[in-house]
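Dropping a structure here in structure tokens format, bear with me for questions.
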2 protein chains.
Amino acid sequence: MSLDTATMDERVPRDFETLRTTILERRESLPKRIAQIAAHALDNPDDIAFGTAASIAASAGVQPSTLIRFAQQLGFDGFTSLQQVFRERLRERNSSYDERLQALRAKAEGGAGHRAIFDGFVAAASTSLNDISRTLDEAHLEDAISLLAKAETIYVLAKRRSYPVASYIAYALGKLKIRNQLIESAAGLNAEMIGFATPADAVIAISFSPYAPATIEEARSISEQGVPIVAITDSSFSPLAQFAKVWFEVAEADFAGFRSLSATMALAMALTVGVGEKRRDTGRKRKA
Amino acid sequence: MSLDTATMDERVPRDFETLRTTILERRESLPKRIAQIAAHALDNPDDIAFGTAASIAASAGVQPSTLIRFAQQLGFDGFTSLQQVFRERLRERNSSYDERLQALRAKAEGGAGHRAIFDGFVAAASTSLNDISRTLDEAHLEDAISLLAKAETIYVLAKRRSYPVASYIAYALGKLKIRNQLIESAAGLNAEMIGFATPADAVIAISFSPYAPATIEEARSISEQGVPIVAITDSSFSPLAQFAKVWFEVAEADFAGFRSLSATMALAMALTVGVGEKRRDTGRKRKA
DNA sequence: TATGGATTGGAATTATTATTTCATATTCCC
DNA sequence: GGGAATATGAAATAATAATTCCAATCCATA
């Protein structure tokens with residue numbers, strides 16, 4: 001009877017992406033109601049993962065039995081095993097970014113392809129983003145934005161690994177027509193540039209362990225001139241923290257010896273755009 | 001009997017974070033077995049979300065009834081409603097980054113606090129990372145890494161918005177002792193620098209719409225010298241694509257007018273570290 | 001338009017799973 | 001150390017959910 005329905009030769013999709021592809025391939029050849037639930041499944045994968053056969057069937061507008069036929073047509077032996085795939089998807093994507101990162105690190109160590117390296121950096125970035133959105137102190141954010149919004153010129157201070165963030169901040173401030181000055185290491189004029197800063201200005205300083213000595217030195221000297229500093233750094237022991245009016249602790253995950261910048265970037269952009277908004281609101285605009 | 005157990009005055013935790021806090025607060029005062037399952041729940045939230053009362057109890061080393069008592073002690077009326085919280089957590093975190101981004105955009109438009117802006121950038125970064133890890137072409141990655149690994153000097157070419165990525169690549173290449181040359185816009189010597197490149201070298205070029213004319217011009221001129229180009233850009237219509245031996249399409253989500261860089265960064269780092277590995281493997285090393 | 005095969009709906013059945021109950025053990029306080 | 005209160009284990013029970021079955025319907029083809 002049902003022994004010889006097309007379930008022998010075809011592989012049962014074990015992961016969501018394969019399943020998705022399989023469904024899309026067969027889309028045309030599926031009976032109406034089965035197609036209906038197939039579409040619903042791809043559109044609402046979470047519902048499949050958590051719902052019961054009855055509830056899913058109802059929200060897709062079919063009978064529970066149809067749902068089971070759908071699963072069987074794909075080679076599963078019932079709804080439950082189809083559901084496993086949808087659950088696995090949530091498991092993988094979600095919670096275990098940390099563990100996943102661990103696994104990927106091991107994998108990459110073991111010399112497994114370049115895809116693993118890429119996945120590692122993606123996982124590191126995601127982990128960092130998750131972390132920061134959990135730990136960011138909202139009050140600090142408000143304080144920092146107020147402080148920066150009052151500044152005549154915003155100085156942006158960062159070297160080496162943090163420099164890309166600084167350059168993005170400078171780019172964004174420029175686009176928002178907010179006067180700013182990037183203090184690079186390239187030209188040897190840092191000391192002079194810093195000398196121009198006054199207490200009416202402000203600084204965004206970014207540095208992570210091992211802290212670039214130049215950054216620390218410049219931060220010290222500028223804070224001694226009474227210029228308020230907003231710092232982004234990685235621990236309360238950071239030398240930057242002691243010079244700063246407001247500081248953020250950002251823990252970036254690393255992979256293959258390079259730390260992610262994603263969390264720092266997100267915070268940097270929030271500060272920048274936040275300052276832009278604040279200035280627009282208070283109607284206090286300056287020339288770029 | 002059980003009507004007046006402490007379930008009236010205390011709020012039932014509706015979201016995972018509240019639940020977590022509640023559990024941690026009471027940790028000390030919980031009976032042994034209940035504490036055991038409480039710890040297990042916080043350590044393996046996914047198991048709670050997907051398992052059955054029996055399976056969870058088994059893997060925590062307690063009886064199913066204990067699990068239910070645990071739920072009731074927290075104010076839930078049974079295991080099922082406790083489980084809902086764990087499922088909701090997966091739902092929220094996962095699928096809906098896109099929708100969440102939409103919501104946040106609307107919220108930020110409406111002038112809702114700076115936290116919303118920050119969340120928006122985090123969501124944009126996450127969305128971009130999800131996208132790229134789905135769409136990245138593994139073969140392209142291999143090709144690009146092989147190509148770059150053979151180069152004597154790697155030139156890194158990017159302006160404006162893409163410049164932070166370029167500067168991070170240059171930093172990382174430097175740390176890996178791979179000879180490289182960053183082509184900035186600052187110094188006006190780009191034409192001369194480019195003139196030094198030979199077909200034995202290679203270029204990483206990064207540009208997104210609206211493409212910086214200088215980047216395109218420089219890419220054209222360098223490709224005419226026979227130097228192979230690896231491009232990171234945002235569509236197959238990108239002018240960069242036509243000059244490139246290998247090119248990657250990276251779609252970054254944007255928020256408040258600024259696109260995320262997280263996906264581009266992850267790809268850039270994978271390329272960089274990939275090249276480092278490849279050189280180490282082939283034993284073909286060069287001086288920095 | 002009749003006929004066979006595939007598809008579907010809906011209820012009956014079976015399986016699984018949560019919950020309750022009760023006997024036993026442990027803990028805490030006097 | 002005795003006794004009450006609390007906690008725990010194990011199995012019985014109730015609830016819920018998946019699956020199957022069969023009759024009705026639809027659809028293509030002769």
Side-chain angles (χ1 to χ4, degrees), chain A residues 1-7 10 12 23 26-41 44 46-88, chain B residues 1-7 10 12 23 26-41 44 46-88:
Chain A
M1 323 257 118
S2 62
L3 298 174
D4 51 354
T5 46
T7 51
E10 56 198 348
V12 180
I23 292 175
R26 303 208 201 154
R27 192 214 290 266
E28 297 305 323
S29 68
L30 291 173
K32 198 171 77 168
R33 291 271 117 113
I34 308 268
Q36 187 173 331
I37 198 142
H40 181 85
N44 309 66
D46 290 8
D47 288 355
I48 311 289
F50 291 124
T52 68
S55 72
I56 296 164
S59 86
V62 301
Q63 289 291 325
S65 42
T66 307
L67 176 49
I68 286 160
R69 286 178 197 125
F70 168 60
Q72 288 169 341
Q73 201 146 117
L74 289 167
F76 298 96
D77 54 72
F79 164 69
T80 310
S81 29
L82 169 70
Q83 191 177 43
Q84 283 314 110
V85 175
F86 284 79
R87 292 188 164 182
E88 208 45 53
Chain B
M1 323 257 117
S2 62
L3 296 174
D4 51 355
T5 45
T7 52
E10 55 198 350
V12 180
I23 292 175
R26 301 208 201 153
R27 193 213 288 267
E28 296 306 323
S29 69
L30 290 174
K32 197 171 76 169
R33 292 269 117 113
I34 307 268
Q36 187 174 331
I37 200 142
H40 181 84
N44 310 65
D46 290 8
D47 289 355
I48 311 291
F50 291 124
T52 68
S55 72
I56 295 164
S59 86
V62 301
Q63 291 289 326
S65 44
T66 307
L67 177 49
I68 286 161
R69 287 178 195 124
F70 167 60
Q72 288 170 341
Q73 200 146 115
L74 288 166
F76 297 97
D77 53 73
F79 164 69
T80 310
S81 30
L82 168 70
Q83 191 177 42
Q84 284 314 111
V85 174
F86 284 79
R87 294 189 162 182
E88 208 45 54

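None of these values were measured; they are calculated from a predicted model. In what follows, chains are A, B, ... by sequence order, proteins preceding strands, each numbered from 1.
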Quiz item: In whole Å, what is the span from the CZ atom of A:Phe50 to the P atom of D:dT16?
Solution: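 Atom-to-atom, A:Phe50 to D:dT16, this comes out as 20 Å.
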
Practice problem: Kindly say if B:Ser55 contacts the phosphate of C:dT17, meaning a side-chain N or O under 4.0 Å from OP1 or OP2. | Solution: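 For C:dT17, neither OP1 nor OP2 has a side-chain N or O of B:Ser55 closer than 4.0 Å.
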
Quiz item: Which of these nucleotides, D:dC21, C:dT8, C:dT19, is closest to any side-chain atom of B:Ile68?
Solution: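 Shortest atom-to-atom distance from the side chain points to C:dT19.
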
Practice problem: In whole angstrom, give the distance that lies between atom CG of A:Leu30 and atom P of C:dA6. | Solution: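 Between P of C:dA6 and CG of A:Leu30: 16 Å.
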
Self-check item: Closest non-hydrogen atom pair, A:Phe70 against A:Ile34
Solution: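 In terms of heavy atoms, the two residues are closest at CD1-CG2, 3.6 Å.
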
Quiz prompt | Nearest-angstrom distance from the residue atom CD1 of B:Ile37 to P of C:dA18 | solution =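 Roughly 12 Å, once rounded to whole Å.
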
Quiz item: For the pair made of CD in B:Gln83 and P in C:dT19, what is the distance, rounded to whole Å?
Solution: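 After rounding, the gap between these two atoms is 9 Å.
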
Practice problem: Rounded to the nearest angstrom, tell me the gap between atom CD1 in A:Ile56 and atom P in D:dT19. | Solution: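 Taking atom P of D:dT19 as the reference, CD1 of A:Ile56 is at 11 Å.
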
Practice problem: State which of C:dT20, C:dA18, C:dC22 makes the closest approach to the side chain of B:Gln72. | Solution: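 Nucleotide nearest to B:Gln72's side chain: C:dT20.
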
Self-check item: Integer-rounded Å distance: D:dG9 P and B:Ile34 CD1
Solution: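 From B:Ile34 CD1 to D:dG9 P: 10 Å.
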
Quiz item: Between the side-chain atoms of A:Thr52 and the base atoms of D:dA18, is any donor-acceptor pair under 3.5 Å?
Solution: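 No such pair is found, so the answer is no.
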
Self-check item: Euclidean distance, A:Arg33 CZ relative to A:Leu67 CG, rounded to 0.5 Å
Solution: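 Between atom CG of A:Leu67 and atom CZ of A:Arg33 there are 13.5 Å.
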
Quiz prompt | Smallest separation among heavy atoms of B:Asp77 and B:Gln72, with atom names | solution =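 Where B:Asp77 meets B:Gln72 most closely, the heavy atoms are O-NE2, 4.0 Å.
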
Practice problem: Could you state the atom-to-atom distance from CD of B:Gln36 to C1' of D:dT8 in whole Å? | Solution: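 That distance rounds to 11 Å.
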
Quiz item: Between A:Ile48 and A:His40, what is the shortest heavy-atom contact and its length?
Solution: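 Nearest pair, atom of A:Ile48 first, then A:His40: CD1-CD2, 4.5 Å.
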
Practice problem: Select one nucleotide: of D:dT8, C:dG9, C:dT20, the one nearest the side-chain heavy atoms of B:Pro31. | Solution: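 Looking only at side-chain atoms, B:Pro31 lies closest to D:dT8.
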
Quiz item: Looking only at side-chain N and O atoms, does B:Ser65 come under 4.0 Å of OP1 or OP2 in D:dA11?
Solution: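 So the side chain of B:Ser65 is outside the cut-off, no N or O lying under 4.0 Å from OP1 or OP2 of D:dA11.
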
Self-check item: Atom-pair distance (CD on B:Gln63; C1' on C:dT26), nearest Å
Solution: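 Checked: the CD to C1' distance equals 16 Å.
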
Self-check item: B:Arg26 to B:Gln73 - nearest heavy-atom pair and separation
Solution: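 Reported closest heavy-atom pair: NH1-O, 3.1 Å.
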
Quiz item: Looking at the side chain of A:Phe79, which of D:dT19, C:dT21, C:dT19 is the nearest nucleotide?
Solution: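 When the side chain of A:Phe79 is considered, D:dT19 is the closest of D:dT19, C:dT21, C:dT19.
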
Quiz prompt | Nearest-nucleotide 5' precedence on DNA chain C, B:Lys32 against B:Arg69 | solution =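 Mapping each residue to its closest nucleotide by heavy atoms, the 5'-most match is B:Arg69.
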
Quiz item: Can you find a donor-acceptor pair, distance only, under 3.5 Å between B:Thr66 side chain and D:dG9 base?
Solution: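 For B:Thr66, whose side chain was compared with the base of D:dG9, there is no donor-acceptor pair (under 3.5 Å).
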
Quiz item: Is B:Leu67 touching bases, backbone alone, or none of the nucleic acid, heavy atoms closer than 4.0 Å?
Solution: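 Counting heavy atoms under 4.0 Å across all strands, no contact is made by B:Leu67.
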
